[in-house]
Engineer: 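Have a look at the structure that comes next, please.
Below, chains carry the letters A, B, ... as their sequence lines are ordered, and counting in each starts from 1.
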Protein chains: 2
Amino acid sequence: MSVTREKIMELGEDLIRTRGYNAFSYQDISSELGIKNAAVHYYFPSKENLGTSIVKTNIQRFEEMIQNMQNRGFDELHQLEIFMKIYVKSNREEKLCIVGSLGPNVESLNEPTRVELKKMTESIVVWLTGILISGREKNIFAFKGEARDRALLILSSLVAGLQLARILDKTDFKVIYQAILEDLRP
Amino acid sequence: MSVTREKIMELGEDLIRTRGYNAFSYQDISSELGIKNAAVHYYFPSKENLGTSIVKTNIQRFEEMIQNMQNRGFDELHQLEIFMKIYVKSNREEKLCIVGSLGPNVESLNEPTRVELKKMTESIVVWLTGILISGREKNIFAFKGEARDRALLILSSLVAGLQLARILDKTDFKVIYQAILEDLRP
DNA sequence: TGAATTTTACTTATTAGTAAGTATATTTGC
DNA sequence: GCAAATATACTTACTAATAAGTAAAATTCA
């Protein structure tokens, strides 16, 4: 695969996660990469196309990560911690996650991007629900109520945790992170 | 105060909370209200100006609400429930809150709007922290750790709860809402 | 050579914003 | 009490900039 194409996707994801989908242009990408905007259109005919590709790649990365963790036989707490580390890294880099950056603008996205965003969010929730269920069975986790409800609560805390940390203080994410783990402790 | 001015602010807030700050234009407002875009500029010289005014009004509304609840002597649980009802209403109307709609785009906002957004978020966190502290003292609430940490966790859940509900399913907000209250029960 | 990649040189549409003008009230001076 | 001055609430008619997107030519690579 083309290195230019990869650079465009990387920068595009970066811009979505820092400024937001509606706050970056092909000009931003082309000038940063030292190419012309038509070159960006060569790889991604439309912005919708670029957005959708970025989300698809993120889904793929997530699927590979959970597959890898399961293959290695990581226990539920270990898996959750690795997943949450992605958010810790995002916070360190002052970026949001894809769900938290595209989500608020879902009404202004094109259908294909919206569909992929929904797929990605659902994938995360399904996986989280799964490890919460098996984790509770093994007494690694303790929580009240339905596992899916708890998964939604945890994901919400992580997603908006990054958002609040950028508004208020970077260090505020850490306390959210710790409270999530604390609340699951048996 | 002018009725047109109020309509502009109302519609502007609506557009921010449904589509996002960078996804609406003065044209959207003027055409919807049956006026010319110059008329919108007459009341709000710049978009930054409109954005800042909208956040300021929201801060004022919030301050009035908590003042009113305190004057009436509502207990901590009652106050929290009234605050959370704002989010339930937002979810019903498929809108985000101001913090959750402007927050993700904080890097693309102008300084004055960013300052007001920070003020608003901080106000909410400070108030929430306060009722969590006095609520725990009275054994109305039970939770582990620092009250401010818990306040951040609750606010995160509400903010991204609305976001996730729009991506996945409207009914998903309800379970987040209930889990928050459940987790605070002594 | 021929296909892939990239630039040149655009178009069309939309954006925020402005300058100048107008009708209708409202206030002020006499 | 009434004319002159002024403020309010807009419209008309623009600008300058930027947005996404495209056709065709030029270049690079294999």
Engineer: Output the residues of residues 7-17 of chain A in contact with DNA chain C, where contact means a heavy atom of the residue under 4.0 Å from an atom of the strand; sort by number or write none.
Structural biologist: none

Engineer: Determine whether A:Arg72 and A:Asn68 satisfy the following criterion, side-chain hydrogen bond (donor to acceptor under 3.5 Å, both in side chains), listing intermediate values before the conclusion.
Structural biologist: CA-CA 6 Å; A:Arg72 294 192 187 197; A:Asn68 190 261; 3.2 Å; yes

Engineer: Report yes or no: do A:Glu13 and A:Asn58 form a side-chain donor-acceptor pair below 3.5 Å?
Structural biologist: yes

Engineer: What residues form a ring pair (Phe, Tyr, Trp, His ring centres under 6.0 Å) with A:Tyr87, not counting sequence neighbours?
Structural biologist: A:Phe83

Engineer: 5' to 3' on DNA chain D, which nucleotides open and close the contacts with chain B (atom under 4.0 Å from a heavy atom)?
Structural biologist: D:dT8 to D:dT12

Engineer: Does the A:Glu94 side chain pair with the main chain of A:Thr18, one donor and one acceptor, at a distance under 3.5 Å?
Structural biologist: no

Engineer: Do A:Ser157 and B:Ser157 have side-chain atoms, one donor and one acceptor, less than 3.5 Å apart?
Structural biologist: yes

Engineer: Please enumerate all residues that pass side chain to side chain donor-acceptor pair (under 3.5 Å) together with A:Gln67, with sequence neighbours excluded.
Structural biologist: A:Asn71

Engineer: Output the distance between atom CZ (B:Arg166) and atom NZ (A:Lys118), rounded to the nearest 0.5 Å.
Structural biologist: 13.0 Å

Engineer: Take B:Glu76 and B:Ser134, measure what side-chain hydrogen bond (donor to acceptor under 3.5 Å, both in side chains) needs, and give me the verdict at the end.
Structural biologist: CA-CA 7 Å; B:Glu76 288 74 9; B:Ser134 54; 2.9 Å; yes

Engineer: Taking five pairs at each end of the helix from C:dT1-D:dA30 to C:dC30-D:dG1, what angle separates the two helix axes (nearest 10°)?
Structural biologist: 30°

Engineer: Let me have a per-nucleotide readout for nucleotides 14-21 of chain C, 5' to 3', with B, S or -, counting only protein heavy atoms under 4.0 Å.
Structural biologist: -SSBB---

Engineer: Does the side chain of A:Ser123 come under 3.5 Å of the side chain of A:Glu63 through a donor N or O and an acceptor N or O?
Structural biologist: yes

Engineer: Which is it for B:Leu184 and B:Leu80 under the side-chain contact (heavy atoms from CB on, under 4.5 Å) test, yes or no, and what are the steps along the way?
Structural biologist: CA-CA 11 Å; B:Leu184 284 174; B:Leu80 179 65; 3.5 Å; yes

Engineer: Only one of B:Asn105, B:Ile54, B:Leu11 passes side-chain contact (heavy atoms from CB on, under 4.5 Å) with B:Ile16; say which it is.
Structural biologist: B:Ile54

Engineer: Scan side-chain atoms only and decide if A:Tyr43 and A:Ser2 contain a donor-acceptor pair under the 3.5 Å cut-off.
Structural biologist: yes

Engineer: Would you tell me if any nitrogen or oxygen in the side chain of A:Ser2 comes within less than 4.0 Å of OP1 or OP2 on C:dA4?
Structural biologist: no

